[in-house]
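Chain letters run A, B, ... following the sequence lines, proteins first and then strands; every chain starts at 1.
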Amino acid sequence: MTNEFERGGEMVHDTELRDLFAPRRPDAEEFAAGVAERLAAGGGGTGSSHVGWWRRAASWLPGATQTGGSNLLALLFSIPGMLTFGVFALFCHQRDRLETQVERATGVRDPFWKQYLRRHAMAALYAALPIAGSLLGLAFMQLRHARGGTTVIDVATVVVMLAMGLVTFQLGQFARLRGARTRSVAMFVIGLQLTVLFGCVLWVQILGVFDGNSMFGYGATGWALAAGILTCAVTSILLARNWVGGGLSLLVLALVPSTTVFGWPDNSAAAIRERLTAVVERLRTDDLGDWRFAAHMVAVLEEAQEPGVELSDLRTALRSAIDNGLEPHPAVWQAAHRMGLIDRAGWQTLAARPKHDRELRRILSGRGSLTTEPFYMAMLRASDALTAERATELADRTVRAWPHPEATTIGLLDRAVNCIRWLEGIGHGDRIREHTAMLHELLRRHHVREADAEPYAFPGGFSEAPRQGRSTTRATSAALEVIARVGCPEDIALGHVRAYLRHNSGRTLSAPADEPVLKMLARADYYRLTYTIGVPMRGPLEFLIGERMLLAALLLAVLSFRAILLAHRSEAGGPETRQGALP
Amino acid sequence: MAANLDPTLELWIARFRGPLIGLLASWGEDWRSAEELAMDTFAEAWLSRRRLRGDASDTAVVGPWLRGIAHNLSRHGRRRRARQRLEALPAELPAPVDTPDDRIEILRRGFAELRPEDQTVLRMFYLDESSTREVAALLELTEKAVESRLYQARRALRALTDRMSSPTAGGAR
């Protein structure tokens, strides 16, 4: 064997080392495009927007940020733990107060100073109840990281709600039989519901616990509780002139719509059109941020055969850009291609530009990438370069470019979607189904199951890279594109995907134009999943189990209302007010 | 493909792309992840550029800034992998195993025998068209120190490849 190195030199030559690293050298343009893509998506963080906030909020709690083992003492003496005991003490105190009223009704009275202290202590505690209740959720956070994961929280929430329902039922009986003041009963049941609302439902949702088997989710549970509190507050004002307590409750209740987690579902075609109109109005050819999302919403409406929105201004703007030789970001051409905004003459003009001509030649010669920029197929078609033989050849190359399901890099779902679009664009869409098994495996590896989700991250969606514990709206959107073509693997529950999209697409008080585009994307995908792809129907038992939280909330609301009515009836005709026998 | 980036960001990328990917690869990322993390780093750095204190065109200012962001992103990724009980991939060697070129294959094997700090400086300098200034800024060393490390690494690599390619060493194929 001859030594192939240049002997005699002390060092390895520069050229040898450059050759050594050549296969790893990044493509400058692809790299810049990757950075631009991240900037368009708002940076590297692609998870839920409030995740970081809550993580920071959790960091001041002893043991709350530990993701591993549990420490019972730390749990007991942490702020959530102490708050749990505090709320429990509050309930005991309320019960004591009600008993006092009964004693009073029967003629046995406490000294004045004791009543005075109780009344003021109660007022202070009641004002703090919603705040304490909201922090009670932190105890659940501890539970999630301590033992049992999210199942513990789910079970604990249902048990707490049912226990409160039982207490409310007994309170109604107590009020009916022994007499308790309507105002006290009303404040007690409102306090219970507020605690459930702020302490359980709101927090468990924020913490990433989701009810994947529910059609309505925690948001609907929150609204059911809010409706119950509203009813009780108004009833107590009307029946017992409880202006202060009822007014305070309504004030606290007014906070609910401002919390994003209780955004009401607004996933109709009309809502998509409304948001799309707002996006289209601000689209410019010299930016790239919202084009992709607008194209997606247009495609979803088309797929569902719903009326679209007026796009003539965009057509004019793109025509002007083409005529003036402007070269926007490829994402703009890609979106324009999906929305059908450029006519044949426009694509011909673009294809004649040196930059695109070079790329088209590369594609036709077998060197260009087929996993990005499917808009080049429009140029191929417009320039009559796409013969049947070439289309077959390109389809073969596209099939060879499918992402390998066992690859570990990010963007595999996007790549699969691009391959699908290429095949469909060149008239070989029938070949997509040949790869169903591989695409299903790709979906499985990107699906974020509840057990695999990172702390505070919502499961149910799909991740940017295989085996990641954080769903993103973009990756979920790409996964649905794939599912729309080849169906969903049996071991991925579409109900969980729907729960993830529902969480990310709820409508809040912000104006449509100010809504984040990722929320619009999630809304469009929620609509697509519900009306185009379809989620499997459930039987009656599955429905009851799935909606257990909502049913428990409704039960609590009804029992609370009943307790107030019974107390009022008893008070109106109770021993205190009843006329004695006339002499 | 024109990415329409701000000229300052383009300058950062042009200067630091190769060294940063090389640095991330030296921290245990595989090459593909290193490239993705480098993209994340530039995007994060640009979005939070207001926190950069100093001249944004000064290599000595931008280098440590990028290194800090890259370190945080890489650490976050490792924690995530650890939580998912995935083992971190070992630092990859600079070229695919199945390369048909014997010369490159011997170099690759020699590179694997180098000290980690020598590997790092070679990765950062030779991955792309880089200068010692950017490598020095990222490693927070002087240019002289980087030149010295490069010299020592290339000498060590020469010694290793000579040994591997000599018939008695049994390293030649």
Side-chain angles (χ1 to χ4, degrees), chain A residues 1-7 9-14 16-45 67-68 286-288 327-330 355 359 372-373 407-411 452 454-455 464-465 467-470, chain B residues 1-5 9-10 13-14 17-18 21-22 25 30-33 35-44 46-48 73 80 83-84 86 89 92 94-96 99 101-104 106-108 110-111 122-123 125-129 151 154-155 157-158 161-162 165-167 172-173:
Chain A
M1 151 115 202
T2 56
N3 187 357
E4 291 173 281
F5 289 96
E6 298 171 46
R7 285 189 177 279
E10 279 187 39
M11 301 184 295
V12 176
H13 286 190
D14 277 344
E16 292 169 332
L17 282 161
R18 293 202 193 288
D19 289 348
L20 177 66
F21 284 98
R24 304 294 189 188
R25 195 156 295 142
D27 181 275
E29 288 188 351
E30 277 183 17
F31 190 91
V35 176
E37 180 89 1
R38 282 159 173 76
L39 289 172
T67 55
D286 55 356
D287 64 20
L288 58 96
E327 190 58 52
H329 190 274
K355 175 186 170 182
E359 188 59 32
T372 54
E373 284 107 26
T408 56
T409 54
I410 68 167
D452 301 332
E454 288 181 20
E464 298 281 344
R467 308 290 186 222
Q468 279 187 339
R470 184 171 295 284
Chain B
M1 177 168 53
N4 289 352
L5 296 173
L9 178 57
E10 281 185 346
I13 293 174
R17 180 183 56 233
I21 295 172
D30 63 275
W31 285 102
R32 183 64 193 159
S33 298
E35 198 174 327
E36 297 288 347
L37 270 174
M39 291 179 195
D40 287 342
T41 302
F42 283 115
E44 290 289 345
W46 184 249
L47 290 174
S48 53
L73 290 174
R80 195 170 56 218
R83 272 200 298 271
Q84 293 171 339
L86 294 177
L89 293 168
E92 279 192 49
T99 174
D101 190 335
D102 281 350
R103 183 177 61 97
I104 296 294
I106 292 172
L107 261 182
R108 197 189 67 79
F111 183 89
L122 288 178
R123 277 192 199 98
F125 188 78
Y126 287 104
L127 179 64
D128 217 340
E129 300 295 326
Y151 174 77
R154 288 168 63 188
R155 264 183 51 156
L157 186 56
R158 165 61 76 205
T161 53
D162 280 353
S165 57
S166 68
R173 287 185 297 175

- Task: Check whether any side-chain heavy atom of B:L122 sits under 4.5 Å from a side-chain heavy atom of B:R154, and report yes or no.
- Result: yes

If you tally heavy-atom pairs under 4.5 Å between each of B:L157, B:T41, B:L73 and chain A, the highest tally belongs to B:L157

Cut-off 4.5 Å, heavy atoms of chain A, and the answer for B:A38 is both

Only one of A:D19, A:V12, A:L20, A:D14 passes side-chain contact (heavy atoms from CB on, under 4.5 Å) with B:Y126, and that residue is A:D14

Bottom line for B:I13: the part with an atom under 4.5 Å from chain A's heavy atoms is side chain

Here the pair of heavy atoms bringing B:I21 nearest to A:P26 is CD1-CG, 3.5 Å

Does this structure show an ion pair linking B:R32 with B:E36, if we count only N-O contacts that are shorter than 4.0 Å? yes

